[in-house]
Undergrad: 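Below: one structure in structure tokens.
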Number of protein chains: 2
Amino acid sequence: MASDDDRGRVLSIQSHVAYGYVGGKAATFPLQLLGYDVDGVNTVEFSNHSGYHRVGGTKATAEELERMFSVMEQNGLLRPKRVLTGFIFGAEALAVVAHTVSRLLRHDPQIVYLLDPVIGDAGSLYVSPDVIPVYRSLLPKASVITPNWFEVEVLTETKIEDAASLREALTILHETHSVPNVVISSIPMEQWLRDMTPPHIRSAVRDSERSLLCLASVRRTADRGGGSAPSRSPAPAPSTVHAACVPFIPGYFSGVGDLFSALVLGHYRTSPSGSASPPNGAVDHTVADSDGDDDDDDDDDGRVSPSLPHAVSLALTKTHAILRLTERYAYTLPPDERTATDDELDRKNPERRVRRMRGRELRLVQGRKILSGEATGELRLLREWEDFWR
Amino acid sequence: MASDDDRGRVLSIQSHVAYGYVGGKAATFPLQLLGYDVDGVNTVEFSNHSGYHRVGGTKATAEELERMFSVMEQNGLLRPKRVLTGFIFGAEALAVVAHTVSRLLRHDPQIVYLLDPVIGDAGSLYVSPDVIPVYRSLLPKASVITPNWFEVEVLTETKIEDAASLREALTILHETHSVPNVVISSIPMEQWLRDMTPPHIRSAVRDSERSLLCLASVRRTADRGGGSAPSRSPAPAPSTVHAACVPFIPGYFSGVGDLFSALVLGHYRTSPSGSASPPNGAVDHTVADSDGDDDDDDDDDGRVSPSLPHAVSLALTKTHAILRLTERYAYTLPPDERTATDDELDRKNPERRVRRMRGRELRLVQGRKILSGEATGELRLLREWEDFWR
């Protein structure tokens, strides 16, 4: 079943928008291009993402979701190999999803569950605040979580402002919440972070350039999911950390996190053993993986690659390439379609925001060869950060 | 904008199912693979298609659809080059869709509108009967319609049982309802149809084999859409007919018509002149068209191909190949997952039907190279039926 053409089923529970690419619209097509059947349960059905400010549509109630899952189960249609959950507006609906995911995992503990705890960004909430405790209770079920910076802070109740608080937040996620794999796609490279990041990771971008850090942290003693360190290692560090620097692309783009999470899930391979020392730098430096040629756990030299950092490297590479494609497209638009982000001007003229949002919808269809891996490019490789925990 | 990577936007208004491939799930991925951005407005949100008999989910009300289109319009997001409408349950919802499509066409008469009048199949209705007059009122707006056999009978109130009634039904669609392009994907090849079909069309399948006829009828004096005959031709025949025979694949598969309609729309090119004699047999005999190499109006020898028959040839070829792939997959399932269609046994044991339906979901993801045109194969070419009208 797990041939290149047929990677099995992903149950994807997230938002649907008619126009543009966020939530399920950002996840489904990329996963299909990688060979997954995507069973899409829509938690909301909106005209467009909320960045436009004017939004039409409906939210599925907890009862409607319950009924949907119940009929799918009766028809034997809840048989995913992987589960992806994203935007779910309210706590009651999230509780139904949590219950369904728990049942699925009890039935098949091999299911890979990627939880994107969609809560908000840069200090503002997208969802009702009462989802936060439900997300915390879901964390131990996840194989991989992909919170953004702000979501890590909310989930761990830790303000991240230096090396110590970053370590503290990761420790809480791995130890208090038992999450085996934590991926943070983009942490702004502020001075304290630059100071702690080793040169072999920092060197991918110039020091003068604004940049972001992408970080993957694999718990050392994992109950579920593949870890990259020997599970009986006596090391006191809670996790093995890999990271990469990418240049910051200015402007507000929606759906980037949803795309990234889908690609992490799509590229993640659970290795049978789950134990091998990371062959840092041994991973093939292309992203030509659509046919699975360099997308398996084995590298050219026969060593087993750490599956999560490799998956994150591919997801980061493709997401960044799609963002660049979208940015280049936005530049070709007439001037009034590519206005700069300016909340003050937007308040005076809301159409300004709408035009900007429209011009910055992710170019997934135009970039389908990037997503499938046919268009090769330099891999943005996550490298091991050996002294992360000192 | 109409490069190979970027064919513009399709507004697709039809059903969504979480599991499997009918309606929007059968249309969206194939259109994305051909380079279209698909704006998907879901008329229903179901767990699975109705062939399973047990279905959960919600239907969008007319008010919800109205609000969705209204917000999209306010945000400037109703800017499709093409419109595809499929399953819409009730007359009120369909009236909202009809109103929206009419407004779009008034604003941009160049929009290609493919109307799949989803009413039912083989004598039974999928929808509320009061949609039928609304569909009739929509017919003159369509560039192309793709009814099945039963839907032609319902729309034209003509029982099709011989050459005369087939001609009568097509005349009603072209003349009474002003439809420029009528495509009927599969007419069972009964004796009367075999008798009237010329050998150069019939010869694609053996006489002993059960087969289906696919027929494309292009009105001779088209107001909208590309016709293949000179518009000032004095010929009395209402249309130019092209057809192809394909082998019948036994068993009930869902979503086939939805896939076919999407592919017809995706491959249909409106020629600037809309007038050229059909270079029958001059079309490239492969389906390797994903990069638009042989998918333009110009053939190798510089003649202009009839755009509708060419599009239908590609759609038929790909749909048939996907059906074959699905059939082959169904054979690999355990015996209890690939039970034969038998309504009597199904009534005694409804799980029997569910297992069969699950095993016959279209293999779109696994057949993505067929859909994109990368996997080449023999083109099932529609050939001109010169004496169709005698």
Side-chain angles (χ1 to χ4, degrees), chain A residues 3 5-7 9 11-13 16-21 25 28-29 31-42 45-48 52-58 60-61 64 67-72 74-79 329 351 354-355 357-358 361 363-369 372, chain B residues 3 5-7 9 11-13 16-21 25 28-29 31-42 45-48 52-58 60-61 64 67-72 74-79 329 351 354-355 357-358 361 363-369 372:
Chain A
S3 76
D5 277 349
D6 185 3
R7 298 236 182 241
R9 311 196 76 87
L11 174 63
S12 168
I13 306 170
H16 172 80
V17 289
Y19 188 101
Y21 299 96
K25 280 280 287 291
T28 303
F29 182 53
L31 284 168
Q32 290 173 323
L33 286 173
L34 293 178
Y36 293 95
D37 279 292
V38 180
D39 305 327
V41 173
N42 298 334
E45 186 88 20
F46 285 166
S47 54
N48 46 259
Y52 288 84
H53 283 208
R54 193 163 35 207
V55 177
T58 52
T61 65
E64 284 165 354
R67 164 94 180 133
M68 176 73 85
F69 292 124
S70 154
V71 171
M72 289 179 77
Q74 287 173 65
N75 284 344
L77 304 181
L78 279 182
R79 308 191 299 177
Y329 171 75
E351 299 316 312
V354 163
R355 287 195 301 270
M357 291 297 147
R358 218 164 46 196
E361 290 285 0
R363 303 285 281 171
L364 296 189
V365 167
Q366 296 74 19
R368 60 197 182 279
K369 287 184 181 169
S372 68
Chain B
S3 75
D5 277 350
D6 187 1
R7 299 237 183 238
R9 313 196 74 87
L11 174 63
S12 168
I13 307 170
H16 172 80
V17 289
Y19 188 101
Y21 299 96
K25 279 281 286 289
T28 303
F29 183 53
L31 284 167
Q32 289 173 322
L33 286 174
L34 293 178
Y36 293 95
D37 279 291
V38 180
D39 304 327
V41 172
N42 298 334
E45 185 88 21
F46 285 166
S47 53
N48 46 260
Y52 289 84
H53 282 208
R54 194 164 33 207
V55 177
T58 51
T61 65
E64 284 165 352
R67 164 94 180 133
M68 176 72 85
F69 291 125
S70 154
V71 172
M72 287 179 77
Q74 288 174 63
N75 284 345
L77 304 181
L78 280 182
R79 308 193 296 178
Y329 170 74
E351 298 317 310
V354 163
R355 287 195 302 269
M357 291 299 147
R358 218 164 47 196
E361 290 286 1
R363 303 284 283 171
L364 296 188
V365 167
Q366 296 75 20
R368 58 198 183 277
K369 287 184 181 169
S372 68

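Proteins come first, then strands; the chains are lettered A, B, ... in the order of their sequence lines, and each starts at number 1.
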Undergrad: Would you say that A:Leu77 contacts B:Tyr52 through its side chain, given a criterion of any heavy-atom pair below 4.5 Å between the two side chains?
TA: yes
Undergrad: Taking atom CG of A:Asp39 and atom OG of B:Ser47, what is their separation to the nearest 0.5 Å?
TA: 11.0 Å
Undergrad: Working to the nearest 0.5 Å, report the span between CD of B:Gln74 and CG of A:Asn48.
TA: 10.0 Å
Undergrad: Check whether A:Asn75 reaches the backbone of B:Arg54 with its side chain - one donor and one acceptor, N or O, closer than 3.5 Å.
TA: yes
Undergrad: Got a donor-acceptor contact below 3.5 angstrom from the B:Arg368 side chain to the A:Leu33 backbone?
TA: yes
Undergrad: Pick one of side chain, backbone, both or neither for A:Val354, based on which atoms fall under 4.5 Å of a heavy atom in chain B.
TA: side chain
Undergrad: Could you check which of A:Met72, A:Arg355, A:Glu351, A:Met357 has the highest count of heavy-atom pairs closer than 4.5 Å to chain B?
TA: A:Met72
Undergrad: Short question: side chain of B:His16, backbone of A:Val41 - any donor-acceptor pair under 3.5 Å?
TA: no
Undergrad: Measure distances from B:Tyr21 to the heavy atoms of chain A and classify the residue's part below 4.5 Å as side chain, backbone, both or neither.
TA: side chain
Undergrad: Can you say whether A:His53 sits under 4.5 Å from chain B via the side chain, the backbone, both, or neither, judging by heavy atoms?
TA: neither
Undergrad: Counting only heavy atoms closer than 4.5 Å, note whether A:Arg358 contacts chain B via side chain, backbone, both or neither.
TA: side chain
Undergrad: Measuring heavy-atom distances to chain B, does A:Glu361 have an atom under 4.5 Å in its side chain, in its backbone, in both, or in neither?
TA: neither
Undergrad: Locate the shortest heavy-atom distance separating A:Gln32 from B:Phe29; write the atom from each residue and the value.
TA: OE1-CD1, 3.1 Å
Undergrad: Nearest heavy-atom pair of B:Asp6 and A:Gln366: which atoms, and what distance?
TA: OD1-NE2, 3.3 Å
Undergrad: Nearest 0.5 Å, please: how far is OG1 in A:Thr58 from CD in B:Glu45?
TA: 7.5 Å
Undergrad: Would A:Arg9 count as a cation-pi partner of B:Tyr19, with NZ or CZ less than 6.0 Å from the six-membered ring centre and within 45° of the ring normal?
TA: yes
Undergrad: How about B:Val55 and A:Val71: do any of their side-chain heavy atoms sit closer than 4.5 Å?
TA: no
